[in-house]
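Keep in mind the model is a prediction, meaning the values are calculated, not measured. Proteins get letters first, then strands, A, B, ... in listed order; numbering begins at 1 in each.
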There are 2 protein chains.
Amino acid sequence: MKKTSLSDIANHLGVSKTLVSFVLNGKGKEFRISEEICKRVIEVAKEMNYQPNRIAQGLRTGRTNTIGLIIADIANPFFGILGREIEQEAARFGYRVIFCSSDENPEKSRQQIAMLQQSQVDGYIISPPKNSEDQIRSLVRGHVPFVLIDRYFPEIECNHIVVDNFDAAYRATNHLLKLGRKKIANITVNLGLVNMIQRTEGYKQALKDANIPIDENLIKILPFSHENKDVAKAIKELVGKSAQNRADAILFSTSKLGINGIESISALGLKIPDDIAIVSFDNPDAYKICISPVTVVNQPLKEIGKTAVQLLLNEIKHPDSPPKLQEIILKTDLIIRKSCGS
Amino acid sequence: MKKTSLSDIANHLGVSKTLVSFVLNGKGKEFRISEEICKRVIEVAKEMNYQPNRIAQGLRTGRTNTIGLIIADIANPFFGILGREIEQEAARFGYRVIFCSSDENPEKSRQQIAMLQQSQVDGYIISPPKNSEDQIRSLVRGHVPFVLIDRYFPEIECNHIVVDNFDAAYRATNHLLKLGRKKIANITVNLGLVNMIQRTEGYKQALKDANIPIDENLIKILPFSHENKDVAKAIKELVGKSAQNRADAILFSTSKLGINGIESISALGLKIPDDIAIVSFDNPDAYKICISPVTVVNQPLKEIGKTAVQLLLNEIKHPDSPPKLQEIILKTDLIIRKSCGS
DNA sequence: TATTTTTGCTAAACCGATTTAGTAATTAAA
DNA sequence: TTTAATTACTAAATCGGTTTAGCAAAAATA
């Protein structure tokens, strides 16, 4: 019942384990092992159900065929779908993925990077939390292959794959403007990361270009660890009875905000889109079946995941090639449903 | 910039790497290394930013502190949340998790188990697809630590953690009966696994106990890889205009079915709960904000995940203890919202 | 004083693969 | 016939740790 090792096969055939290793790595020709022996080795390996010990392999070669993935939270469908794509693409190339949820906590991500480093992963795909710049910089210094996704730090030169958040928010806001909305609010979260900031910037620019003055009261930046009640409060301030400058539309910067927001809007007895129009980033199932299906900024998750893996594997395979770093900015698409009226 | 190894520390201090290993493993006392040297070693290890090579450690000790997780699809929030709990609990005990999505495909799960075996994982947490009995049996034969979650094979004796699906469906159906529904349908999926079968059994039993004859036309078993249109067809047959024996309630056995189902119901212009009441398994966000928030069978995902890890680690730590296998059956709770009327 | 025990430490084997350097036997070339 | 080249293979080092067995010096005991 014990596992079969290279030596077991070698002993069984009366040859050296060197030979067995060569053959099973497809280097039989290269090292001119006779056809006959090659065949026997492969045969016996199958018979004895030989499974190479990747840990031993990894120790010797320095490559583990494993990549480390650090995202905010795998339970969040946004990262769930992204994680799935990454897992799938990695598997295509024979790579395993160790998943880590950092909860946007830089201390956690620091520990996770250390853990992954000890595990000798070949590279990292990271969605870095606020205040993790030093961690990323130390990866750069260590010449460790890695790719950032979803966000990045403008001051650190490194591979990253993100969407054009400015453009996405601009277009979403414009969509609301075109449908006649004038008092457009933005509910976002204080992540302190470029992606969120750019969303609000895009929103502002669209208003500016439409000659609508920006009303800071219509921009609600919630604390990172916001709960339902925080969103409810923001909604009340924007569209509640006592709101002075009632909003007629809301752009939600995340789907978590949007889902909570819709709950609050319903609780206030308001109708979407009649009383209030909404657009949200991300495209969870919830938006397809809710009271009034939600118009969303859809991110190309499949492409982000695939590209991240490909970029990373390219780095891994060419460790000392000229460091032509890649900044990939993908476009989003606006899926128009019923939440903005027509 | 090269990584620090045990030998580096040893050389730097002019001691043996044996000593350094002892000290850093907290065995200084046990092997009576002098206080002074212990202190120096720890000091220097920190100074040189020593990170143990877990791969080398794993090779020697035979334990990698890694567990393999095989689920249907990490992009599915049900498994996303479960995966998250497992990752978190594993991390508490210093374990990493390699995530694999099998897509309910036994060939994929077979490959994934082989891959994980080669990676020398210490144990497995598996949500086994249909027709993977042989794979599970071979784990049993190999005395490999593992725990099944969400489903299991009644004919294979092994650790598993599931919910009482029969009871859950029974109670959900009863809830509909108490609210006066008579023609209750069940839309489920042909996974061929006990969990789904028991849901339909619980549903049937509740009807029997209420002296309502079972109408097989009201039970729609969709193919595993069902799409929106399959659900739409089933819905049409149950509540469409030309339906002869119109259903007045539906129990959805998964949230994927339920979400698609609600879309179809809306498309037909029917109102929930007036025209049709619904109850669904699982508790995705979507159900909280949809037209009429959905009454659901909520599974204790946190507990399933935590318990699975604890059970597994217990197995891993006591490899040859009496194999007192655990069959853990957790209760679900019915969260009552508005989709059944009142 | 001689012997035993304890203290503080190290050498070397080992885990299971890869890889470098090399060797004996055969064949080809000079 | 001698030398060179080729063929078919192997021994041993290596990766970075852990672990077993053991050794020299000091301390304790007889």
task = Tell me yes or no: between the side chains of B:Arg96 and A:Ser119, is some donor less than 3.5 Å from an acceptor?
result = yes

note = Rounded to whole Å, the CD-P distance (A:Glu35 to D:dT7) equals 14 Å

ask   = Between B:Ser102 and B:Gln112, do the side chains contain an N or O donor and an N or O acceptor separated by less than 3.5 Å?
value = no

5'-most by nearest nucleotide on DNA chain C - B:Gly14 or B:Ala56 = B:Gly14

key: A:Lys17 side chain, from C-beta outward: closest of D:dG17, C:dT7, C:dT18   = C:dT18

note = Of D:dG17, D:dT10, C:dT18, the nucleotide closest to the side chain of A:Ser16 is D:dT10

task = Using whole Å, report how far CZ of A:Phe31 lies from C1' of D:dA8.
result = 12 Å

Atom-pair distance (CD on B:Gln118; P on C:dA17), nearest Å = 10 Å

request  = Answer with base, sugar-phosphate or nothing: what part of the nucleic acid does A:Thr18 contact at a heavy-atom distance below 4.0 Å?
outcome  = base

task = Examine D:dC15: is either OP1 or OP2 under 4.0 Å from a nitrogen or oxygen in the side chain of B:Asn53? Give yes or no.
result = no

message = Can you measure A:Leu6 atom CG to D:dA11 atom P for me and round it to whole angstrom units?
response = 15 Å

query = Is the phosphate of C:dT18, meaning OP1 or OP2, less than 4.0 Å from a side-chain N or O of A:Ser21?
reply = yes

inquiry  = Less than 3.5 Å apart, any donor N or O on the side chain of B:Arg92 or B:Gln88 sitting next to an acceptor on the other?
reply    = no

message = Please classify the nucleic acid contact of B:Ile37 as base, sugar-phosphate, or nothing, using heavy-atom distances under 4.0 Å.
response = sugar-phosphate

ask   = When you measure from the side chain of A:Leu59, which nucleotide among D:dC15, C:dT10, D:dG17 comes out closest?
value = D:dC15

task = Round to the nearest Å and state the distance from A:Asn25 atom CG to C:dT20 atom C1'.
result = 15 Å

inquiry  = Do A:Thr64 and A:Arg54 pair up side chain to side chain, a donor and an acceptor below 3.5 Å, judged on atom types alone?
reply    = no

ask   = Out of C:dG16, C:dT19, D:dT18, which nucleotide sits closest to the side chain of A:Thr61?
value = C:dT19

note = When rounded to whole Å, the CD to P distance for the pair B:Glu30 and C:dC9 reads 15 Å

Residues, nucleotides or ligands: over 12 heavy atoms within 6.0 Å of B:Glu155 CD = yes

ask   = Is the shortest side-chain N/O distance from A:Ser34 to OP1 or OP2 of D:dC9 below 4.0 Å?
value = yes

query = Can you tell me if A:Ser101 and B:Glu87 form a side-chain donor-acceptor pair at under 3.5 Å?
reply = yes

remark   = Sorted by position of nearest nucleotide on DNA chain C, 5' first, the leading residue of B:Phe22 and A:Arg60 is B:Phe22

task = Please check the phosphate of C:dG16 (OP1 and OP2 only) for any side-chain N or O of A:Tyr50 closer than 4.0 Å.
result = no

query = Please give, in whole Å, the distance from D:dC9 C1' to A:Lys29 NZ?
reply = 17 Å

request  = Test A:Gln310 against A:Lys306 for side chain to side chain contact (heavy atoms under 4.5 Å, CB included), laying out the working first.
outcome  = CA-CA 6 Å; A:Gln310 286 167 4; A:Lys306 268 188 104 158; 4.0 Å; yes

ask   = Would one find a side-chain N or O of B:Lys27 under 4.0 angstrom from OP1 or OP2 of D:dT19?
value = yes

inquiry  = What's the angle between the local helix axes at either end of the helix from C:dT1-D:dA30 to C:dA30-D:dT1, using five pairs per end and rounding to 10 degrees?
reply    = 60°

request  = Provide, to the nearest angstrom, the distance between the CD atom belonging to A:Gln120 and the P atom belonging to D:dG17.
outcome  = 8 Å

inquiry  = Checking side-chain polar atoms at under 3.5 Å, does A:Ser109 have a donor or acceptor matched by the opposite partner on A:Gln135?
reply    = yes

